Structure formats: structure tokens, C-alpha cells
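Taking it in order: structure first as C-alpha cells, then the write-up.
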Protein chains: 2
Amino acid sequence: MDADDIFKALSDPTRRKLLDLLFEKNGQSLGELCANLDMARQSATQHLGILEAANLVTSVRRGREKLHFINPVPIHEVYERWVRKFEVQRLSLLHDLKKELEGE
Amino acid sequence: MDADDIFKALSDPTRRKLLDLLFEKNGQSLGELCANLDMARQSATQHLGILEAANLVTSVRRGREKLHFINPVPIHEVYERWVRKFEVQRLSLLHDLKKELEGE
DNA sequence: AAGTCATGCAGGTATTTACCTGCATATTAA
DNA sequence: TTAATATGCAGGTAAATACCTGCATGACTT
């Protein structure tokens with residue numbers, strides 16, 4: 001997994017909105033997604049390309065349409081590497097700070 | 001929470017390394033962190049500023065040093081909003097794609 | 001008080017990013 | 001086959017980003 005690509009992809013509100021749109025209805029076409037975005041189609045294409053490069057979205061061509069599907073695997077990997085690790089020590093880390101603020 | 005700030009902060013390898021360094025040893029000073037980074041101190045300062053703006057790191061001044069602490073709360077919020085949601089439907093989404101690829 | 005050490009602030013540059021317009025291609029419909 | 005529809009590709013620009021250098025400030029040490 002490339003954490004850089006995944007986090008960069010998630011760091012834009014338009015791309016997170018695209019994921020939310022696909023979450024509501026998976027398999028939407030480019031045009032369908034564009035209708036909800038308030039920007040030129042080409043811009044949306046670019047955003048979807050970034051999501052695909054990060055492997056967060058997979059697309060399939062059907063006739064003249066391109067259908068888009070969420071791939072939840074990279075998000076799971078991000079969770080394993082970046083979230084769970086911090087979750088475990090959540091309380092003890094806060095405890096470190098508290099101690100420091102209290103003057104050792 | 002500002003998802004934009006949090007994801008942008010996490011989207012840079014230097015900043016993720018800073019979090020890893022703080023995870024290993026919480027409460028390090030700027031100079032201490034710099035020693036592990038291979039870039040000018042000013043650049044590291046900037047990265048730490050971004051982590052602080054995203055509330056992923058909190059700093060405390062002690063004498064002439066600035067000590068840095070991980071704040072795990074925003075990561076937890078990201079998990080709640082962006083990861084858990086996708087985790088739940090992980091299998092069913094894969095199922096959608098499989099069906100589509102098989103031609104409905 | 002003078003010197004050293006840790007950090008802050010101002011600004012400058014090259015690259016990346018997020019938009020756009022315009023034109024080309026490929027598929028379905030009439 | 002002609003028209004309409006859905007998407008792809010080639011650029012172009014303004015803003016954001018990730019670095020840097022140089023100088024200033026503030027805190028311990030002697």
C-alpha cells in the first residue's frame with residue numbers, strides 16, 4: 001500500500017464527496033457523479049483518476065459509460081497501520097501530556 | 001473536526017514520520033525530532049505546525065525547548081467518520097463489483 | 001553580562017495541485 | 001449514416017506546498 005497516495009486522495013473534499021456518493025449508490029457513471037459536483041466534468045475525471053491511482057475506486061467500462069466502485073481495502077490498510085496503533089495507546093498518550101503539563 | 005486538515009497533515013511522509021517518532025518517544029523537542037529528519041530545522045517546524053493545526057500534535061514550551069505530544073483524538077474521529085463506515089460494508093461492496101464484472 | 005543553545009519569523013523559489021477550455025474518439029439512437 | 005451522448009486527451013493558469021537562507025529573539029550557563 002502507498003500511504004502517500006491514499007492520504008493525498010482522501011485529503012480533498014471533492015474526492016471524499018465522491019466516495020460518499022459511491023457509498024450511497026455504488027457503480028455510478030462519470031456523468032452521474034458529475035451531476036452532484038458543481039465543477040467541470042474534466043475536473044471530476046481528474047479526481048476520480050486520483051482515487052483510482054490510490055486504489056480507493058475501481059472502474060469498469062460498460063458501453064460508452066464508465067462505472068465506478070468503491071474499493072474498501074486500502075481504507076482498511078490505513079486503519080491497520082495508522083489508526084489502530086494509535087487507538088491502543090490513546091489513553092496512555094494523553095496521560096503523558098497531562099503529566100508534562102502538571103510539571104513532570 | 002476538520003477532515004481536510006487532518007488528511008492533508010497525514011498525506012506527507014515527513015509528517016507521518018514525525019508521528020511515528022513521537023509514537024516511539026512522546027514529548028520530544030524540535031531539535032530532537034530534527035535530528036531524525038534530514039531537512040532544515042525550519043522545514044520541520046513547518047511540518048510540525050501543520051500537525052498542530054490539524055490538532056494531531058500538541059506542544060508545550062519548557063524553557064527554551066518546545067516539547068511535542070501526539071493527540072490521538074482526531075485520528076479516532078477520522079476512524080469513526082471515514083473508516084468504520086467503510087469497514088461495515090466492506091464485504092457487500094466487493095460483492096457489488098464482482099456481480100458487475102460478471103455482467104450483472 | 002557575554003556566550004551559547006533552542007526556537008521563531010520573514011521571504012524567496014521550484015514543484016505540485018485543482019481548476020479550466022477546446023478538441024478528439026467511441027458508442028448508442030434515429 | 002447522421003446525430004446525440006459519454007468519455008478521453010492535450011494543454012494552460014492561479015494557488016498551494018515543500019523546501020530553503022538569513023536574521024531575530026529568548027533562555028540557560030559561566
Side-chain angles (χ1 to χ4, degrees), chain A residues 2-22 25-69 100-101 103-104, chain B residues 2-22 25-69 100-101 103-104:
Chain A
D2 190 330
D4 234 78
D5 290 346
I6 297 170
F7 282 119
K8 282 222 170 85
L10 291 170
S11 75
D12 181 90
T14 300
R15 292 193 284 271
R16 291 197 303 275
K17 181 163 188 184
L18 281 167
L19 288 180
D20 274 338
L21 288 169
L22 288 177
K25 184 188 168 196
N26 210 16
Q28 292 186 67
S29 71
L30 174 58
E32 220 169 339
L33 291 167
C34 276
N36 291 289
L37 277 193
D38 195 39
M39 66 174 53
R41 174 181 54 82
Q42 285 80 352
S43 307
T45 302
Q46 214 165 5
H47 285 300
L48 285 165
I50 289 166
L51 288 169
E52 288 194 55
N55 209 24
L56 287 161
V57 163
T58 303
S59 65
V60 178
R61 187 116 205 181
R62 186 173 62 185
R64 59 185 166 186
E65 288 178 320
K66 190 180 175 190
L67 307 183
H68 300 83
F69 296 83
E100 187 60 38
L101 287 172
E104 201 84 6
Chain B
D2 190 329
D4 234 78
D5 289 347
I6 297 170
F7 282 120
K8 282 221 170 86
L10 291 170
S11 76
D12 182 271
T14 300
R15 292 193 284 270
R16 291 197 303 275
K17 180 163 187 184
L18 281 168
L19 288 180
D20 275 338
L21 288 169
L22 288 177
K25 184 188 168 197
N26 210 15
Q28 292 185 68
S29 71
L30 174 57
E32 220 169 339
L33 291 168
C34 278
N36 292 287
L37 277 193
D38 195 41
M39 66 174 53
R41 173 180 55 82
Q42 285 81 352
S43 307
T45 303
Q46 214 165 5
H47 285 299
L48 284 165
I50 289 167
L51 288 169
E52 288 195 55
N55 209 25
L56 288 161
V57 163
T58 304
S59 66
V60 178
R61 188 115 206 183
R62 185 174 60 186
R64 59 186 165 186
E65 288 178 320
K66 191 181 176 191
L67 307 182
H68 300 83
F69 296 84
E100 187 60 38
L101 287 171
E104 201 81 6

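Since the model is a prediction, treat every value here as computed from it, not as a measurement. First the proteins, then the strands, lettered A, B, ... as listed; each starts at 1.
The nearest whole Å value for the distance from the CD atom in Gln28(B) to the P atom in dA6(C) is 14 Å. dC19(C) atom P lies 12 Å from atom NZ of Lys17(A), rounded to whole Å. Counting to the nearest Å, the C1' atom of dT13(D) and the CE atom of Met39(A) are 16 Å from each other. Spacing between atom CD of Glu65(A) and atom P of dA29(C) amounts to 10 Å, rounded to whole angstrom units.
Taking CD of Gln28(B) as the reference point, atom CG of Leu18(B) lies at 9.0 Å (rounded to 0.5 Å). Separation of atoms OG1 (Thr14(B)) and CG (Leu48(B)) is listed at 10.5 Å; rounding is to 0.5 Å. Taken from CD1 in Ile6(A) to OG in Ser11(B), the straight-line distance is 12.0 Å, to the nearest 0.5 Å. In this structure, the separation between CG on Leu21(B) and CG on Leu37(B) is 6.0 Å, given to the nearest 0.5 Å. In this structure, OG1 in Thr58(A) is found 12.0 Å from CG in Leu67(A), a value given to the nearest 0.5 Å.
For the pair Asn55(A) and Asp2(A), the minimum side-chain heavy-atom distance is 4.5 Å or more. In this structure the side chain of Leu19(A) reaches within 4.5 angstrom of the side chain of Val57(A), judged on heavy atoms.
An OP1 or OP2 oxygen of dG8(C) is reached within less than 4.0 angstrom by a side-chain nitrogen or oxygen of Lys66(B). Taking 4.0 angstrom as the limit, Ser29(B) places a side-chain polar atom (N or O) nearer than this to OP1 or OP2 of dT7(C). Remark: Thr45(A) is not in phosphate contact with dT7(D), judged by side-chain N or O atoms under 4.0 Å from OP1 or OP2.
Residue Leu33(A) is tested with Lys17(A), Lys25(A), His68(A) for a side-chain contact (heavy atoms from CB on, under 4.5 Å); the sole match is His68(A).
Map Leu30(B) and Thr14(A) each onto its nearest nucleotide of DNA chain C; the residue landing nearer the 5' end is Leu30(B).
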Practice item. Could you go through the side-chain contact (heavy atoms from CB on, under 4.5 Å) check for Ile50(B) and Leu56(B) one step at a time? Key: CA-CA 9 Å; Ile50(B) 289 167; Leu56(B) 288 161; over 6 Å; no

Is there any protein nitrogen or oxygen under 3.5 Å from a nitrogen or oxygen in nucleotides 26-30 of chain D, and what are the pairs?
none

Protein-nucleotides 21-23 of chain D N/O pairs under 3.5 Å:
unit_1	atom_1	unit_2	atom_2	d
dG22(D)	O6	Gln42(B)	NE2	2.8

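An angle of 30°, rounded to 10°, separates the two end axes of the helix from dA1(C)-dT30(D) to dA30(C)-dT1(D), each defined over five pairs.
Under the salt bridge (charged side-chain N to carboxylate O under 4.0 Å, His left out) criterion, Asp4(B) pairs with Arg16(A), Lys8(B), not counting sequence neighbours. Applying the salt bridge (charged side-chain N to carboxylate O under 4.0 Å, His left out) rule to Asp20(A) yields the partners Arg81(B), Lys85(B); only residues at least two apart in sequence or on another chain are considered.
The two residues Met39(B) and Ala44(B) have their closest heavy-atom pair at SD-N, 3.9 Å. In plain terms, the two heavy atoms of Val60(B) and Phe69(B) that are nearest each other are CG2-CE1, 4.2 Å. When every heavy atom of Leu51(A) is checked against every heavy atom of Ala9(A), the shortest pair comes out as CD2-CB, 4.1 Å.
The stretch residues 40-54 of chain A participates, sequence neighbours left out, in these side-chain hydrogen bond (donor to acceptor under 3.5 Å, both in side chains) pairs: Arg15(A)-His47(A), Glu52(A)-Ser59(A), Glu52(A)-Lys66(A).
Within residues 46-55 of chain B, the residues that have a heavy atom under 4.0 Å from DNA chain D are, in order of number, Gln46(B), His47(B), Ile50(B). The stretch residues 4-12 of chain A comes close to DNA chain C through Lys8(A), Asp12(A), each having a heavy atom under 4.0 Å from the strand.
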